[in-house]
Amino acid sequence: METINAEVVKITFRNESNYYTVAVLKNGTEEFIGVGTMPFLNEGDCADFTGEFIVHQTYGEQFKVESFDKKPPKNSAAILKYLSSGAIKGVGPSTAGRIVEKFGEQSLDIIQNSPESLASIKGISLNKAMAIGEEYAKQYGIRDIMLMLSKFNITPDRCVPIYKRYGQKSIESIKANPYLLCQDGIDFGFPLVEDIANDFGFDMSSETRISAGIEYVLRKNLYNGHTCLPRNKFVPVACNLLGCNESVVEACCDNLLATFSLCSKEIDGVEYLSIPSYFNAEQYIAARLISVKDFINSKIAVDELEIKAAENSLGIRFEALQRQAISETFKNGILVLTGGPGTGKTTTLNAIIKLFQSRDMIIELAAPTGRAAKRMTELTGREAKTIHRLLEVEWVEGDKQQFCRNEKNPLDCDVIIIDEASMIDAILFENLLKALRLNCRIILVGDSDQLPSIGAGNVLGDILAANIFPSIKLKKVFRQANESMIVRNAHAIINGQKADFNNKKSDCFFLERQDKYSAVETVLSLVTERLPTAYNFDPITDIQVLCPSRLLDTGANNLNNLLQEQLNPRVKNSPQLAYKGVYFRIGDKVMQIKNNYDIEYKKDDGTYGRGAFNGDMGCITEIDNRAGIMKVRFEDRVVTYFNEDFNQLELAYAVTVHKSQGSEYPCVIVPLFDVPSKLMYRNLLYTAVTRAKELLVLVGSKAVWDKMAENNRKTLRYTLLSAFLKENLIDESF
């Protein structure tokens, strides 16, 4: 690292959302290119830039800026040049000249500390004077945050969300309460904030700190799917984090409960603590579902002739549970339809859709992910949307999502059918219910034996556990589906039966290997040579490696690196971009790993839109090293990623089973060897197996398969929805 004092000669590129900048910098007579996050840096500015020179294979030498300290211009000429450059909104060359003419070298001091004095200049009103002062403060707001946090190696890109949240009061707010940095949207880790608080001399025994630690533990456990935690298990964890005794944490919890900053509920003698947003979400879901159940009490008759007409139209004959599901759908406001592969969920669904259509009822189809929605469209012949798209999600100030469809602007539909319902988390389902009219029928379709949602909550599982609404689980595997060993082995997993891998003409094979190295080599050869040759599968678009874990030799991280080198090796002088040890190249298969509602895409028809969602799979089509830009094609649209967006992408030659939820692939390869013990359970194995459409190849140890298949321990999630549902039902009965 070195520090260079330089002037900004030209800004050649800037991403206004995260301030990633490419600039021509001048040190004396020498010009060079600087790249990095440089918010509110303008042409004509001088600054001390700290970073290092790197040699780019395409653009040559660049100075990679890690931080910078912007210096205000000193003399009247420099101040005039700075103000005339348009750096401050509302100040052009003419206004700049009048300001400098009156205040000279004190001009910037006046703008910063006494902006009302500008109103003494002809043509500048008091309102305009104050607006100029506010704009100037922005130029140095992030600078001051960066300077304050620089000793903790906080990079400029992490300072941007702080300024967006607290503006000119950022320094004041953080010094008063450093633990604001733990909040959602800023997301500093608690240990890092502890260091900052210690440096400020913050009182480590203060209730502010204890409260922040309590909220941090609850928020961190949202990533494990928990919407609440038992108080008796939570308190020791919080004490360990905070280094205090239990009485301190207990007292603080009581105070937070008294001020409604924390919520609690007792279930079977155990008190559970929850963050208000999740507590309220599950409470709302329960009350709303019970209301729909009670409101839609007029039964729509479906006679046998209609069902036979649907059978003739679809060319099939329904079995008893399918008929019951169709009948229950029209009798009730809510129905849960579950079942494993080959049990006729799609056929039943298509019949239900036809019967609703015949009554001129408006139907919406939705799913939690883009791939699940696309699959639903293919199976039903009707457009299905992601829930986010259906609710018309928008990105608003403070990097928060909001939905245009809500209680005030509900969806215009009589029926909504939601596929892959096991993937819906509590917050998303709450927002969906808010956008539905009370007379809208709700049909939840899913597979209760799959993994629960990635987000916090266990919506489908809790609804089934409450046993309040009619639910039909289809069990019969139809003859055509039963010919598939993928389907038969999937049901063997759930039924606790032995799998069958002995059929030589099967669509499901187990290649047993004695060590992890030969397992890895087998996976690589299957993807790159054997399966493309034998089945004509495209190794990028048709074959997907699904790993129980990211880690170890047969984990997604290692296999991604190895598969990239074989399927898309580096070509000399070809562009590539590095992010945290991963090299992205043109042609790489990648996955979006978090929802981004604001990122812009361009569709093939030339129209623009916004949004890329967790689980979307695409291919890198273009890389601009100098600007730090990648373009990724997701089916019919191309999304542009800037340097600071790269943390939203991962190589996807191999992905975890959790990330594959809601998707199907023509060919799936599952390495089963060094699987971490905490991931060796039945519904993870079942989810992996049921992702394959045409061919499934398992590589590794049959002992691992047996251990996973035998372990029927469900993924434990602490949630409140089931209790709220039962409580609401009891209230309704009085």
Side-chain angles (χ1 to χ4, degrees), residues 152 154 158 161-162 165 174 177-198 202 204 206-246 248-250 252-253 255-257 261-265 270-282 398-401 425-428 430 451-459 549-551 580 593-595 614 647-648 650 656 658-659 676 678-679 715-721:
F152 305 102
I154 306 298
R158 300 202 70 189
I162 301 171
R165 176 76 63 89
I174 294 168
N177 180 9
Y179 295 94
L180 294 174
L181 298 174
C182 290
Q183 288 187 349
D184 188 28
I186 299 177
D187 298 316
F188 280 29
F190 196 81
L192 172 60
V193 177
E194 290 274 73
D195 291 341
I196 296 170
N198 267 312
F202 197 80
M204 305 306 279
S206 74
E207 189 168 339
T208 298
R209 173 179 175 264
I210 306 301
S211 298
I214 287 170
E215 183 175 350
Y216 178 78
V217 172
L218 288 169
R219 286 201 174 278
K220 191 170 183 180
N221 273 279
L222 293 173
Y223 295 103
N224 296 324
H226 306 303
T227 61
C228 61
L229 291 174
R231 184 163 176 164
N232 59 350
K233 292 187 176 182
F234 162 79
V235 169
V237 174
C239 289
N240 185 54
L241 174 74
L242 294 162
C244 61
N245 60 50
E246 292 192 3
V248 173
V249 172
E250 291 280 13
C252 192
C253 285
N255 290 338
L256 290 171
L257 289 167
S261 300
L262 209 60
C263 297
S264 75
K265 181 168 183 59
V270 178
E271 183 183 9
Y272 291 83
L273 299 178
S274 176
I275 293 170
S277 57
Y278 282 86
F279 185 92
N280 295 336
E282 293 192 291
D399 294 344
K400 296 293 183 183
Q401 69 179 30
D425 61 70
I427 297 294
L428 182 58
E430 176 197 25
L451 293 168
S453 60
I454 294 173
N458 187 21
V459 171
S549 169
R550 291 179 178 277
L551 307 178
K580 292 187 176 180
I593 59 169
K594 62 188 291 189
N595 290 334
N614 192 359
N647 65 338
Q648 299 175 26
E650 286 183 352
T656 63
H658 283 84
K659 284 293 185 183
K678 66 179 182 179
L679 295 176
T715 307
L716 175 65
R717 289 204 170 184
Y718 293 116
T719 60
L720 300 173
L721 177 55

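The line from CG of L256 to CD of E207 is 6.5 Å long, rounded to the nearest 0.5 Å. Considering CD1 of I593 and CG of N647, their distance stands at 7.0 Å, rounded to 0.5 Å. For the atom pair CG (L257) and SG (C252), the distance works out to 9.5 Å, reported to the nearest 0.5 Å. Note that CZ of F190 is 5.0 Å distant from CZ of R209, once rounded to the nearest 0.5 Å. The distance from atom CG of L181 to atom CG of D187, rounded to the nearest 0.5 Å, is 10.5 Å. Taken to the nearest 0.5 Å, the SG atom of C263 stands 5.5 Å off from the CG atom of N280.
Applying the 6.0 Å contact sphere to NZ of K265 captures more than 12 heavy atoms from other residues, nucleotides or ligands.
For the pair I214 and F234, the minimum side-chain heavy-atom distance is below 4.5 Å. Contact check for V459 versus S453: no side-chain heavy atoms found under the 4.5 Å cut-off. Taking 4.5 Å as the limit, some side-chain heavy atom of R550 sits within range of a side-chain heavy atom of K659. Between E194 and Y179, some side-chain heavy-atom pair lies under the 4.5 Å cut-off. S264 places none of its side-chain heavy atoms less than 4.5 Å from the side chain of R231. Residues V235 and L273 have side chains not in contact (no heavy-atom distance under 4.5 Å, counting atoms from C-beta outward). Two residues are said to be in side-chain contact when any heavy atoms from C-beta on lie closer than 4.5 Å; I454 and D425 fail this criterion. By the 4.5 Å heavy-atom criterion applied to side chains, Y216 and L242 are not counted as neighbours.
Judged by distance alone, with hydrogens and angles left aside, the side-chain atoms of S274 form a donor-acceptor pair with the main-chain N or O of T227 at under 3.5 Å. Side-chain atoms of N221 come within 3.5 Å of backbone atoms of V217 as a donor-acceptor pair (strictly under, hydrogens ignored).
What you find for E246 and C239 is that their closest heavy atoms are CA-SG, 3.4 Å. In plain terms, the two heavy atoms of L679 and H658 that are nearest each other are CD2-CE1, 4.4 Å. R717 approaches G457 most closely through the heavy-atom pair NH1-O, 2.6 Å. G225 and T719 get closest at one heavy-atom pair: O-CG2, 4.3 Å. Nearest heavy-atom pair across S549 and T656 is C-CG2, 4.1 Å. Contact record, R165 with Q183: NH1-OE1, 2.9 Å, taken as the closest heavy-atom pair.
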Would you sort out whether L192 and R158 count as a side-chain contact (heavy atoms from CB on, under 4.5 Å), showing the intermediate values? CA-CA 13 Å; L192 172 60; R158 300 202 70 189; 4.2 Å; yes

Does the side-chain contact (heavy atoms from CB on, under 4.5 Å) test come out yes or no for L721 and N458, once each step is laid out? CA-CA 8 Å; L721 177 55; N458 187 21; over 6 Å; no

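The closest side-chain donor-acceptor pair between D195 and N198, if any, does not fall under 3.5 angstrom.
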